[in-house]
Amino acid sequence: MYELLQKFHSGWAYVALILLVVAVVNAFVGMFSKKEFTAKDRKIAIMGLIGTHTQLLIGLILYFVSPLGFASIGQMSDKALRLTSLEHPLINIIAITLITIGWTKHKKLITSESKFKTFSIFYGLGLILILSRIPWSMWF
Ligand code: HEM
């Protein structure tokens, strides 16, 4: 169970990050080129949302079965364990909350410019936060 979840979380991270990067780039391109927000842009944004939500779900389960997750929460002096048991989960939950807020907010907006801007800000911040707390040395 642990190994399967760990491999899935490790592999899905590529999918989630690629989908999110595409959504952020698309939002910035749309914002700067002042183009119209179409159904295609909506699809790109929802793929970014689904990709990260799936990773959140796997991450939450993994957190309670991994020896590097909740089980290590007391060992804050160990940098690597502090990252996997506290910083990585907490910052990622905040990042995915921001992405979700961006998605929810865009639905209430009318103009294309404001929709692209909202995605640029909320998805962009989410991406920066996620990248800041990935356990890179474990991944590669
Ligand atoms: C988009 C969000 C996330 C991304 C891109 C991501 C990515 C990763 C990556 C690349 C690793 C290293 C995997 C490896 O060893 O090959 C990892 C490990 C881990 N992640 Fe995430 N993660 C995300 C969200 C979360 C969340 C929300 C939680 C918990 C609530 C979580 C819990 C963990 C744990 C416990 C590990 C260590 C697993 C182990 O090796 O035992 N992750 N994550």
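In what follows, residues are counted from 1 in the order of the sequence shown. No experiment lies behind these values; they were computed from the predicted model shown. We count ligands from 1, going down the list as the structure has it; atoms in each ligand are counted the same way.
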I'd like to know whether ligand 1 has Y2 as a neighbour, heavy-atom separation below 4.0 Å. yes
Ignoring hydrogens and angles, tell me if any N or O in the side chain of [X] forms a donor-acceptor pair with the backbone of [Y] under 3.5 Å.
{"X": "S132", "Y": "L129", "value": "yes"}
{"X": "N26", "Y": "V22", "value": "no"}
{"X": "N92", "Y": "P89", "value": "no"}
{"X": "T111", "Y": "S114", "value": "yes"}
{"X": "T84", "Y": "L68", "value": "yes"}
{"X": "H9", "Y": "Q6", "value": "no"}
{"X": "H88", "Y": "R133", "value": "yes"}

Note the single closest protein heavy atom to atom 16 (O) of ligand 1, along with its residue, its atom name and the distance in Å. S10 OG, 2.7 Å
The closest protein heavy-atom partner of atom 40 (O) of ligand 1 is M138 CE, 3.2 Å
Contacting atoms of ligand 1, where contact means under 4.0 angstrom from a heavy atom of [X]:
{"X": "W139", "result": "10 (C), 16 (O)"}
{"X": "I130", "result": "1 (C), 5 (C)"}
{"X": "L60", "result": "29 (C), 30 (C)"}
{"X": "S66", "result": "38 (C), 39 (C), 41 (O)"}
{"X": "L56", "result": "27 (C)"}

Distance below 2.8 Å from atom 21 (Fe) of ligand 1: protein N/O/S atoms: H9 NE2, H88 NE2
Between G51 and W12 the two heavy atoms that sit nearest each other are O-NE1, 3.0 Å
Minimum-distance pair of heavy atoms, taken over all atoms of K115 and F37: CD-CD2, 3.5 Å
Only one of F119, F116, F122, Y123 clears ring pair (Phe, Tyr, Trp, His ring centres under 6.0 Å) with H106; which? F119
Test of understanding: given a 4.0 Å heavy-atom threshold, classify the contact between Q6 and ligand 1 as side chain, backbone, both, or neither. side chain
